[in-house]
2 protein chains.
Amino acid sequence: MKTGVEQSVYAVLLLNMLPDKAVLHSEVISGQIGASPTYFQKLLRKLVSADLITSVPGVKGGFRLKKDPEDIRVYDIYVAIEGQQSLYSPSGILSDVLELEYDDRCCVLGELMEEAEESWKAVLKRETIASLAEQVESDRFVNHVTDLKKWVEENMVV
Amino acid sequence: MKTGVEQSVYAVLLLNMLPDKAVLHSEVISGQIGASPTYFQKLLRKLVSADLITSVPGVKGGFRLKKDPEDIRVYDIYVAIEGQQSLYSPSGILSDVLELEYDDRCCVLGELMEEAEESWKAVLKRETIASLAEQVESDRFVNHVTDLKKWVEENMVV
DNA sequence: ATAAATTGGATAATCATTATCCGGTTTAAC
DNA sequence: GTTAAACCGGATAATGATTATCCAATTTAT
């Protein structure tokens, strides 16, 4: 998996710590995450296009969650960033070898890989931002999270 | 997934059609699969290093299965080609953010991705070359497979 | 001996991801 | 209004992993 997805998940986790109506400037987020600011904007925009977060233009602008954290699955973020393309893109090798018709392109290996991928996606669909946030708070990181929340309050706008 | 794995699986399926002690020249295989001959040799060598196939050097040399098809899992081929590296390589972003100790690097997202990957691998571990070959034979491709077997007999050595 | 195959290393080409730049639009504050 | 600060979107370069090529060395059947 590409790092873009990982960074995006953490960005959404940060936005989830915002109080109502507050926003976070994109450079503030990318700075905290340690990502390239310009590239990170592209990622944020993909999240906007996917209706996961909202953007506020202009001075005092920034980004904010659009959906409830319970309604944002890790899988949604994955799709928003990487698109619907699957991990496995069948090149139709065996199809050529066996001179199959177009309908049969979904050959044995393709079927297997598709099943494997569905199994992979199922795990990502199970977890939401809310459940992740809960883990972060309840687990071993409680102290650090309070620091992080303080940082969010210091850097948020409006 | 990279095409190298896909090509390798089909190569092993081809080798599985060989009668005992016969071998297939690497360029014959890559020609049938439609892969770059020189790069395909690298793939075959990885399969050799993983003890999945055997190579016979010299005139009348080539490649042959080393294990029984029942003992070659699709997952074995995947690991042979791509190595143990996981789909998800945690960049430790949240670790930095939360200033975690090294032991805690396995943060929430990392654990989730690991579980997803295990689920993905499980499907690949389930299927073997033997079961794939069985599907190919029993399914809709029976006619084509006999053609393919004829081709193998015409192009094999010894 | 010779021809034909694999072995292994060094190296180039290709492609997707990541990163940067710039002009345009929106909005808060003066 | 004017200005400053933010997002928007397209074009484009840099990076890195995968794929591809070449070449000398080794092995083996004829």
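The sequence lines fix the lettering, A, B, ..., with proteins before strands; numbering per chain opens at 1.
- Under a 3.5 Å cut-off, the side chain of A/Lys46 and the backbone N or O of A/Ile81 do form a donor-acceptor pair.
- For the pair B/Lys125 and B/Tyr75, the cation sits on the ring face: its NZ or CZ lies under 6.0 Å from the ring centre, inside 45° of the axis.
- Without hydrogens or angle criteria, B/Ser8 side chain to B/Gly4 main chain gives a donor-acceptor distance under 3.5 Å.
- Following rounding to the nearest Å, B/Leu44 (CG) and C/dT7 (C1') show an atom-to-atom distance of 12 Å.
- Atom pair B/Glu27:CD and C/dA5:P shows a separation of 8 Å (rounding to whole Å applied).
- Under 4.0 Å is where a charged nitrogen must lie from a carboxylate oxygen, and between A/Glu115 and B/Arg126 at least one such pair does.
- Regarding B/Leu43, its CG atom lies at a distance of 13 Å from the P atom of C/dT7, rounded to whole Å.
- Just one of B/Leu52, B/Ile72, B/Thr54, B/Leu18 meets the side-chain contact (heavy atoms from CB on, under 4.5 Å) condition when paired with B/Leu65; it is B/Ile72.
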Atom pairs under 3.5 Å: protein N/O with N/O of nucleotides 13-17 of chain D:
none

Using a 4.0 Å cut-off on protein heavy atoms (strictly under), produce a 5'-to-3' string for nucleotides 22-30 of chain D with B for base contact, S for backbone-only sugar-phosphate contact, and - for none.
-----BBBS
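- Side chain of B/Thr3 to main chain of B/Glu6: no donor-acceptor pair is present (N/O by atom type, distance under 3.5 Å, no hydrogens or angles).
- Put simply, OG on B/Ser30 and CG on B/Leu24 are 10.0 Å apart, with the number rounded to the nearest 0.5 Å.
- Rounded to whole angstrom, the span from the CG atom of A/Asn155 across to the P atom of D/dA6 amounts to 12 Å.
- Interatomic distance, A/Ile53 CD1 to A/Asn16 CG, rounded to the nearest 0.5 Å: 12.5 Å.
- One atom, CG of B/Leu47, and another, P of C/dT7, lie 11 Å apart when rounded to the nearest Å.
- Remark: B/Ser26 is in phosphate contact with C/dT6, judged by side-chain N or O atoms under 4.0 Å from OP1 or OP2.
- Evaluation of the side chain to side chain donor-acceptor pair (under 3.5 Å) test over residues 148-158 of chain A, restricted to residues two or more places apart or in two chains, returns A/Glu137-A/Lys149, A/Trp151-A/Asn155.
- In this structure, A/Tyr39 reaches the C/dT18 phosphate: one of its side-chain N or O atoms is under 4.0 Å from OP1 or OP2.
- With rounding to whole Å, B/Leu15 atom CG is found 11 Å from C/dT6 atom P.
- Nucleic acid contact for B/Phe63: sugar-phosphate only, since backbone atoms but no base atoms lie under 4.0 Å from a heavy atom of the residue.
- As a whole-Å value, the separation of A/Glu6 CD from C/dT18 C1' is 15 Å.
- At D/dA6, none of the side-chain N or O atoms of A/Ser55 fall inside 4.0 Å of OP1 or OP2 (strictly under the cut-off).
- The interatomic distance linking A/Glu82 (CD) with C/dT17 (C1') rounds to 10 Å, in whole Å.
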